[in-house]
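Here the structure is a predicted model, which is why all the values come from computation and not from measurement. Chain A is the first sequence line, chain B the second, and so forth, proteins listed ahead of strands; every chain is numbered from 1. For the numbers below, each heavy atom of this structure counts, side chains included, while hydrogens, waters and symmetry mates do not.
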There are 2 protein chains.
Amino acid sequence: MTPPRNPDGAERIQLAWTRERPGTPVESIGVITRIWHAGKLLADDRRRTLARLGIDAATLDLLSTLRRHGAPYRMTPAELKEACLVSAGAISQRVARAETSGLVRAHRSSGGRTSAVELTAEGHALIEGSVDELLRHEQALVEHLTPAQREQLAELLRALLDGLVARLADPRTAERPPSSGAG
Amino acid sequence: MTPPRNPDGAERIQLAWTRERPGTPVESIGVITRIWHAGKLLADDRRRTLARLGIDAATLDLLSTLRRHGAPYRMTPAELKEACLVSAGAISQRVARAETSGLVRAHRSSGGRTSAVELTAEGHALIEGSVDELLRHEQALVEHLTPAQREQLAELLRALLDGLVARLADPRTAERPPSSGAG
DNA sequence: AGCACGCTGTTTAGACCTAAACAAGGAGTG
DNA sequence: CACTCCTTGTTTAGGTCTAAACAGCGTGCT
């Protein structure tokens, strides 16, 4: 039977809708709302942690992406957009901010358009000095789950993501099946 | 053994860090990054869905919270802050916007401070006309998982959240022993 | 009564994002 | 060679959030 326990936020929402509007389809809340809640707690924690290190999450994402990509730590704006999952405009803004801070250097073509973004020594050093600490901190946040639970959770999230990407990914790329020339 | 498949975003990040910086503690990425990715896909989808209905996610959150709370659909700003998981300032702004749109009415004390926020007939109607459709749409987004997988995913997310709340929830409320409130 | 403190709500500054309008180049075609 | 389309990057308008400074008010202590 259901173990006796206090409802969490998502369950309270489900119970409230069912009480107020019997028949409301509340099942998805158990997954979707919990993903948002967990994501928010983790994002808020990351923001606070990074604030102590004098960096913000958007800049860390940019620098990490360049660093992970490998030497010479240089990518085009289109590659960054793809990797960071944000809009093209957001990339322009992130690069502008990071360049002002001296963390990246933007290579520009004659027209003023950025053709590549490259990590500076300062940006490289900032990442090297924070990524391990950040990841160790976050590892500690999930260690109340057993290794088996973490493995299972990661697997299920991956299965969920596979389906979401298939349904929701950018409509332009979604219609691009390998070798279908109908469009 | 490991089924042969293409790595997803989170796995690519793990592989890249391991290649670039062997020893980097990447395990948490399998859970945390996937939560953020799934959350972003779902949030982007909800934003687009609601845009078609002429409402934004923040306002929907406010109106839903009031509606679910039950008649007379009235809550204090402090209750809303607690339920919506956003800052006090965000509540002030949400209420101001929703009031301008005629979706809620703010009861103010002499000093101009809001003592309670109440759904208007228009706000009530907007929720009634969109919540079922929205939830059915989102249910469809997770139905590629089997019922058993969805159940298991919800359970694991809940276990994760229990631990996160214990570690990360507001330091002031974190020390508050379980006393009242089981109503 | 007088006063300090804590709780709540508001305001504002600063970050960040998306969507959409724009702009610059390259590729294919007549 | 001119034209058009398409891809890619920039700009801007609008919206949201947090953090922190600020303000009103009740409460308890002296």
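Map A:Gly89 and A:Ser109 each onto its nearest nucleotide of DNA chain C; the residue landing nearer the 5' end is A:Gly89. Checking A:Arg48 against A:Ile91, the closest nucleotide of DNA chain D that is more toward the 5' end is the one next to A:Ile91. For A:Lys40 and A:Thr76, each mapped to the nucleotide of DNA chain D holding its nearest heavy atom, the one lying further toward the 5' end belongs to A:Thr76.
Comparing C:dG9, D:dT16, D:dG9 against the side chain of B:Arg97 picks out D:dT16 as the nearest. The side chain of B:Ser87 lies closest to D:dT18 when the candidates are C:dA19, D:dT18, D:dT16. Comparing D:dA19, C:dC17, C:dG9 by their nearest atom to the side chain of A:Arg47 picks out D:dA19. The side chain of A:Thr114 lies closest to D:dG9 when the candidates are D:dG9, C:dC17, D:dT18.
For a distance-only test at 3.5 Å, the side chain of A:Gln93 qualifies as a donor-acceptor partner of the base of C:dT18. Donor-acceptor pairing under 3.5 Å, judged by distance alone, is present between the side chain of A:Arg113 and the base of D:dT8.
Separating the CG atom of B:Leu62 from the P atom of D:dC17 is a distance of 10 Å, rounded to the nearest angstrom. Separating the CD atom of B:Glu79 from the P atom of C:dC7 is a distance of 17 Å, rounded to the nearest angstrom. The distance from atom NZ of A:Lys81 to atom C1' of D:dG9 is 11 Å, rounded to the nearest whole Å. Between the CG atom of B:Leu80 and the C1' atom of C:dC7 there is a distance of 17 Å, given to the nearest Å. The CD1-P distance, from A:Ile55 to C:dA15, rounds to 14 Å in whole Å. For the pair A:Arg108 CZ and C:dA23 P, the interatomic distance rounds to 19 Å; values are reported in whole Å. We find that CG of A:Leu41 is positioned 12 Å from P of D:dT18, with the value rounded to whole Å.
Nucleic acid contact for B:Asp56: sugar-phosphate only, since backbone atoms but no base atoms lie under 4.0 Å from a heavy atom of the residue. As judged by a 4.0 angstrom heavy-atom cut-off over every strand, A:Ala88 is placed among the base-contacting residues. B:Ala78 comes within contact range of the sugar-phosphate backbone alone, with a heavy-atom separation under 4.0 Å but no base atom that close.
The two residues A:Arg12 and A:Pro7 make their nearest non-hydrogen contact at NH1-O, 3.0 Å. In this structure, A:Leu153 and A:Leu145 approach most closely via the heavy-atom pair CD2-CD1, 3.9 Å.
B:Asp61 and B:Ser64 form no side-chain donor-acceptor contact under 3.5 Å, judged by distance and modelled atom types alone. At a cut-off of 3.5 Å, with distance as the only test, a side-chain donor of A:His137 or A:Asp45 sits close to an acceptor on the other residue.
Look at A:Arg94 and you'll find a side-chain N or O under 4.0 angstrom from OP1 or OP2 of C:dC17.
Between B:Arg105 and B:Glu118 there is a salt bridge, since a side-chain N of the basic residue sits under 4.0 Å from a carboxylate O of the acidic one.
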